A.B. asks: 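Please see the structure below; I have some questions.
Chain A is the first sequence line, chain B the second, and so forth, proteins listed ahead of strands; every chain is numbered from 1. Just so it is clear, the model here is predicted, and its values are computed rather than measured. Atom set for the values below is all heavy atoms of this structure, side chains included, hydrogens, waters and symmetry mates excluded.
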Amino acid sequence: MKRYNPKVIEPKWQQTWESEGIYNSTDDSTKPKKYILEYFPYPSGAAMHVGHVRNYTIGDVMARYARMQGYNVLHPMGWDAFGLPAENYAIKNKISPKIAIEQNTTRFKHQLQQMGFSYDWTREINSTDPRFYRWTQWFFLLLFKKGLAYQKESLQWWCPFDKTVLANEQVENGRCWRCGNTVEKKALKQWFFKITDYADRLLEDLDDLDWPEAIKSMQRNWIGRSTGAEIKFAIVDHDTSINVFTTRPDTIFGVTFLVVAPEHPLLKTITTKAHAVRVDEYIKTSQAKSDIERQETTRKKTGVFTGSYAINPINNEIIPIWTADYVLMGYGTGAIMAVPSHDDRDYEFAEKFGLPKRPVIVSPDDTIENPTSPQNTPTLSSEGLMINSGKYNGLASAVARDNIVSDLEKQKAGKLRVNYKIRDWLISRQRYWGAPIPIVHCEKDGAVAVNEDQLPVLLPEIENYEPSGEGRSPLAKVPDFVNTSCPLCGGPAQRETDTMDGFACSSWYFLRFADPHNDSKPFDERLAEQWLPVDDYIGGAEHAVMHLLYARFWTKVMFDEGLIKFEEPFSALRNQGMILAPDGQKMSKSKGNTIEPDNLIGQGYGADSIRIMELFIGPWNQAANWSVDGMGGAFRFLQRTWVLVQEFIESKTNKPDAGRITDSQVMLRTVHSTIKKVTDDIESLSFNTAIAAQMELINGLYKQKAKDRFSDQQIWEYAITTAVKLLAPFAPHISEELWHMLGNNSFVNQSEWPKYDPAYLLPEKVTIAVQINGKLRDVIEVKPGSVQSEVESMALSSDVVKKLVGDQKIKKTIFIPDKLINFVI
RNA sequence: GGGCGAGUGGCGGAAUUGGUAUACGCGCACGACUCAAAAUCGUGUUCCUUAACGGAUUGAGGGUUCAAUUCCCUCCUUGCCCACCA
């Protein structure tokens, strides 16, 4: 008997599949399409570990299953290779990013191939290939021409370690998402994409997506739409006014002071001479505070009085104006009306600086005369009846809200306003390793788009690509690159030297897979129409408000331009659960706790065992600790399958034992119910139980074999063949090998998925639970479909039941056919 | 502080519509094979208690029901995301 040796069979089939091209997608097929995609990886210096492998295993099982179900499947792979990690790796290892990327993609590709993933490698793309980023630049120009790409000087997040600016989405708790260092604010002229123009559509279209609710709510939260009003407060003794944003205009009678952010443009104007020194000091100290410090002060309120007063437009009350850094310049108008009786932040501030905290405006218990005071627990979300609010008293707060805004509108002191937390996407980076922004700066014509036929603007190969930290990309030091002529007037001009954020590439790469070699446009409309949108997109949740939001934005822009006919790129999104190290910690190179597939394969487990382990360890979308012992179990299952098939093949040539009889009904029922179970489980993405069902099948067949020694060859042939097919999406190599050993010349991975016949599912006998008062007391075996009277008399004749019922009266009998009978006494 | 999710044997987990809780795997124990070990095969394995019987059990407590891991309420623990967003 041949031994199961993954080291021999796995590379053999990988090469055969590749040379036969059996996973390549055809553009002209009559079959229905299915586009299954995993996030294209970042080929960093650290190799892939079993956590990454899980992501690709899920996608691969789905792709293989879909093929066997008769779909024309697109399952491509490529490299998201621009960006900081690749560049930092190159700097550290003193090689050029280009060489680093070549080394890393070679390694990653080898890792993917040795896992037997069924990618169409003829469609491989690399975002750093000029043939690819030419079109990334083309999309930049599309956005530029549509007025969705613009330059603006403002305070931006700056990472002093990576020496570049960062988008808001790329700053987590005041730290750089890549290196974890504290970020600073720096005033720089930067390029932005106007994603805010699409905020409403990005929000509304979330509803219809088959995405995890967690991701949808993260995006909703990030877009942060809130409706309210902008209200104008005139300043006493000044010719100016301050606008505030509030979601609760109904609480305007509770305003006891105004607060403006320290960065507010009117702050210096309205500050009186007597208070100027203290205000100036306060502005300076809050500027010196990094944002992380501003967040870490455990919300202790600070602030100073400006000396000025404002007039409440609803009742002409005079209220003081303060400045405090709990009000953020970047949101709303950078100024608020403080309502201490209904906002805990305002309450805390009033408490600390001795400002008035009354009156209560919304009665929480709907009594106008003596409401329970909410002063100790102010809340912005409370609704109720209006009190202390003049003519609005007695109205429901939601009604008063509308009335007050329209009344203010009449006196031109207020209007409805929708506010968003989302900011425009800062796209420029002061780093070398990215797609150059295809813009030329001309003294006469300003920022001018490079002509389309001049694309790509090639990233020059340079000696010194380390960031300078001066706020300019290293490309600024390359005169040959910088100096050019203006596409409009032909006069001398300078190229933009910033490069694009790596997320620009990933905002459209999924479209390129439909038409990866097109040199005349980013993709053919017909091919995009055929393959897109992505049916199943598989990846971790870490891209929730970055890539997944950006890609949706670009897709909508392309839709508006008429390039594509769909508005959402990813119909279904699947977030796989993280694989943690056996100790429960995140796997990372720095902790030295990573487990790499290469080592496991070297130990003789094989890719198939790893694939089984990745899925069997638990639900695919939940985190799991990697288990070293569990690998042995996965391997044993495959080996038992191997041995069983070998023994069956040998039984073909040895005469079967004539004295033994195969129970064909039991065999057929076992096989057909397993087909049903595995099929249903794959459809519902319950991969762990799909594998468990196959283990049960193999265990069951072992028991059959012990009884009948493969007596009925025909039924055994069917059982074995089916078992091998069911295993194919999960463990493709061993399945392919066994398939060929069984005498097939085709590929099991191109075979048809087995179907079950419901007629075989019905068992000869079913076990009925016999309960008394809902407690299990006995079990009886009856024919399926037995009626109540039959089951009841059988159950009542059971010794246990007789004893427990005694001469008590049975009040009620509950009968569930083929399941249980319950006597209530 | 806000949002979303999760708590089941020694461990990872299963239970698809309220209907026999603990499938499958790991680990462990015993047996077979072996000079021996590994590997493999087989049997057992929720806990307490017993000669047998029996009792308890899905984070805790309560509720609905003939029947609750499943539905409802309160609380505890824990994971992830967002966080002074007015």
Side-chain angles (χ1 to χ4, degrees), chain A residues 172-173 212-218 220-222 224-226 228 244-248 251 259 294-295 297-301 324-328 330-339 342-346 348-349 379-381 419-422 541-542 544-545 575 577-578 612-613 616-619 621-634 636-637 639-640 643 677 680-681 683-684 686 688-696 698-699 702-703 706 767-779 800 811-825:
Chain A
E172 296 161 351
N173 289 325
E213 275 309 314
I215 303 288
K216 289 201 208 177
S217 74
M218 271 188 239
R220 287 193 187 104
N221 195 304
W222 188 261
R225 182 190 151 103
S226 52
V244 303
F245 174 73
T246 178
T247 55
R248 295 298 299 265
T251 61
V259 188
R294 264 167 88 155
Q295 281 165 21
T297 47
T298 57
R299 300 183 185 185
K300 261 186 200 144
K301 298 284 181 285
D325 65 6
Y326 83 92
V327 174
L328 309 174
Y331 183 77
T333 59
I336 60 147
M337 57 179 222
V339 184
H342 291 281
D343 183 296
D344 55 358
R345 296 155 300 189
D346 298 340
E348 198 189 319
F349 193 82
T379 162
L380 257 188
S381 58
N419 230 332
Y420 301 89
K421 286 191 208 171
I422 193 171
E542 67 274 13
V545 292
N575 285 140
M578 212 184 316
I612 294 285
M613 178 65 187
F616 186 64
I617 196 165
N621 55 357
Q622 274 175 39
N625 295 6
W626 188 257
S627 156
V628 178
D629 290 332
M631 272 309 298
R636 262 194 293 282
F637 160 57
Q639 185 167 249
R640 277 165 65 79
V643 169
K677 173 79 175 146
D680 291 351
D681 281 354
E683 296 282 346
S684 66
S686 307
N688 54 334
T689 52
I691 292 168
Q694 294 184 66
M695 288 174 168
E696 279 186 81
I698 295 300
N699 291 346
Y702 259 80
K703 292 213 170 92
T767 312
I768 300 247
V770 180
Q771 299 183 338
I772 294 173
N773 289 340
K775 235 180 161 88
L776 181 71
R777 292 303 176 181
D778 201 0
V779 288
V800 189
K811 287 182 203 148
K812 198 173 170 187
T813 305
I814 284 112
F815 175 67
I816 310 287
D818 296 347
K819 284 253 160 85
L820 99 174
I821 186 153
N822 184 16
F823 298 112
V824 185
I825 54 175

A.B. asks: Nearest to the V824(A) side chain among C82(B), C4(B), C66(B), which nucleotide is it?
C.D. replies: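 The closest nucleotide is C66(B).
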A.B. asks: How would you label the contact of I814(A) with the nucleic acid (heavy atoms, under 4.0 Å): base, sugar-phosphate, or nothing?
C.D. replies: base
A.B. asks: Are R220(A) and C82(B) close enough that a side-chain N or O sits under 4.0 Å from OP1 or OP2?
C.D. replies: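 Indeed not, no polar side-chain atom of R220(A) lies that close.
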A.B. asks: May I ask you to evaluate whether S217(A) reaches the phosphate of C81(B), defined as a side-chain N or O under 4.0 Å from OP1 or OP2?
C.D. replies: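 It does not, given that no N or O in the side chain of S217(A) lies less than 4.0 Å from OP1 or OP2 of C81(B).
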A.B. asks: Please state the P separation for the pair U46(B) and U64(B) - nearest whole angstrom.
C.D. replies: 33 Å
A.B. asks: Can you say whether a donor on the side chain of K301(A) sits under 3.5 Å from an acceptor on the base of C84(B), or the other way round?
C.D. replies: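 Under the 3.5 Å cut-off, the side chain and the base do form a donor-acceptor pair.
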A.B. asks: Just checking S684(A): base, sugar-phosphate only, or nothing, at a heavy-atom cut-off of under 4.0 Å?
C.D. replies: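 Contact class for S684(A): none.
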A.B. asks: Classify the side chain of K677(A) versus the base of U16(B) as yes if they form a donor-acceptor pair under 3.5 Å and no if they do not.
C.D. replies: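 Yes, a donor-acceptor pair under 3.5 Å.
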A.B. asks: Going from CG on D681(A) to OG1 on T689(A), what distance comes out if it is rounded to the nearest 0.5 angstrom?
C.D. replies: 3.5 Å
A.B. asks: RNA chain B: N822(A) or I336(A), which has the more 5' nearest nucleotide?
C.D. replies: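 Going by which nucleotide is closer to the 5' end, it is N822(A).
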A.B. asks: As an exercise, state the distance from NZ of K421(A) to CG of L328(A), rounded to the nearest 0.5 Å.
C.D. replies: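 So the NZ of K421(A) and the CG of L328(A) are separated by 10.5 Å.
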A.B. asks: Under 4.0 Å between a side-chain N/O of N699(A) and OP1 or OP2 of A23(B), yes or no?
C.D. replies: no
A.B. asks: For U70(B) and G7(B), measure between their C1' atoms and round to the nearest Å.
C.D. replies: 14 Å
A.B. asks: Measuring only the C1' atom in each nucleotide, how far is C41(B) from C33(B)? A whole number of Å is fine.
C.D. replies: 8 Å
A.B. asks: Considering every strand and a 4.0 Å limit on heavy-atom distances, what is the contact class for Q771(A): base, sugar-phosphate, or nothing?
C.D. replies: base
A.B. asks: Which value, in whole Å, describes the distance between the C1' atoms of nucleotides U58(B) and A6(B)?
C.D. replies: 13 Å
A.B. asks: Between U69(B) and G18(B), how far is it from one P atom to the other, in whole Å?
C.D. replies: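 Taking atom P in both U69(B) and G18(B), they lie 13 Å apart.
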A.B. asks: Taking side chain to side chain contact (heavy atoms under 4.5 Å, CB included) as the criterion, tell me which of V327(A), T246(A), D343(A) meets it with I336(A).
C.D. replies: V327(A)
A.B. asks: In whole Å, measure the gap between the P atoms of G27(B) and A39(B) for me.
C.D. replies: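 Looking at atom P only, G27(B) and A39(B) are 9 Å apart.
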A.B. asks: So what does P212(A) hit on the nucleic acid, given a heavy-atom distance under 4.0 Å: a base, only sugar-phosphate, or nothing?
C.D. replies: nothing
A.B. asks: Assuming nearest nucleotide by heavy-atom distance, tell me which of S686(A) and A769(A) is located more 5' along RNA chain B.
C.D. replies: S686(A)
A.B. asks: Roughly how many Å apart are G5(B) and A52(B), using the P atom of each and rounding to a whole number?
C.D. replies: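 Result for the P pair: 48 Å, nearest Å.
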A.B. asks: Does D629(A) contact C26(B) through a side-chain donor or acceptor facing the base, at a distance under 3.5 Å?
C.D. replies: no
A.B. asks: Using a cut-off of less than 4.0 Å, is there contact between a side-chain N or O of K819(A) and OP1 or OP2 of U17(B)?
C.D. replies: no
A.B. asks: For a quick check of understanding: with a heavy-atom distance under 4.0 Å over all strands, which category does K811(A) fall into, base, sugar-phosphate or nothing?
C.D. replies: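 K811(A): no heavy atom of the nucleic acid under 4.0 Å.
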A.B. asks: Could you measure between the two P atoms, the one in U17(B) and the one in U65(B), and give it in whole Å?
C.D. replies: 23 Å
A.B. asks: Nearest to the side chain of A692(A) - C82(B), C24(B), A86(B)?
C.D. replies: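 Looking only at side-chain atoms, A692(A) lies closest to C24(B).
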A.B. asks: Counting just side-chain N and O atoms, does N773(A) come under 4.0 Å of either OP1 or OP2 of A67(B)?
C.D. replies: no
A.B. asks: Would you kindly check if the NZ (Lys) or CZ (Arg) of K301(A) is within the cone defined by 45 degrees around the ring axis of Y326(A) and under 6.0 Å from the six-membered ring centre?
C.D. replies: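 Yes.
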A.B. asks: Please tell me if Y331(A) has a side-chain N or O lying less than 4.0 Å from either OP1 or OP2 of A86(B).
C.D. replies: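 Indeed, a polar side-chain atom of Y331(A) lies that close.
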A.B. asks: Would you indicate, yes or no, if A39(B) has its OP1 or OP2 atom less than 4.0 angstrom from a side-chain nitrogen or oxygen of R640(A)?
C.D. replies: no
A.B. asks: Between C26(B) and R636(A), is there an OP1 or OP2 to side-chain N/O distance shorter than 4.0 Å?
C.D. replies: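 Result: yes.
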A.B. asks: How would you label the contact of G224(A) with the nucleic acid (heavy atoms, under 4.0 Å): base, sugar-phosphate, or nothing?
C.D. replies: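 If one applies the 4.0 Å heavy-atom cut-off, G224(A) turns out to touch nothing in the nucleic acid.
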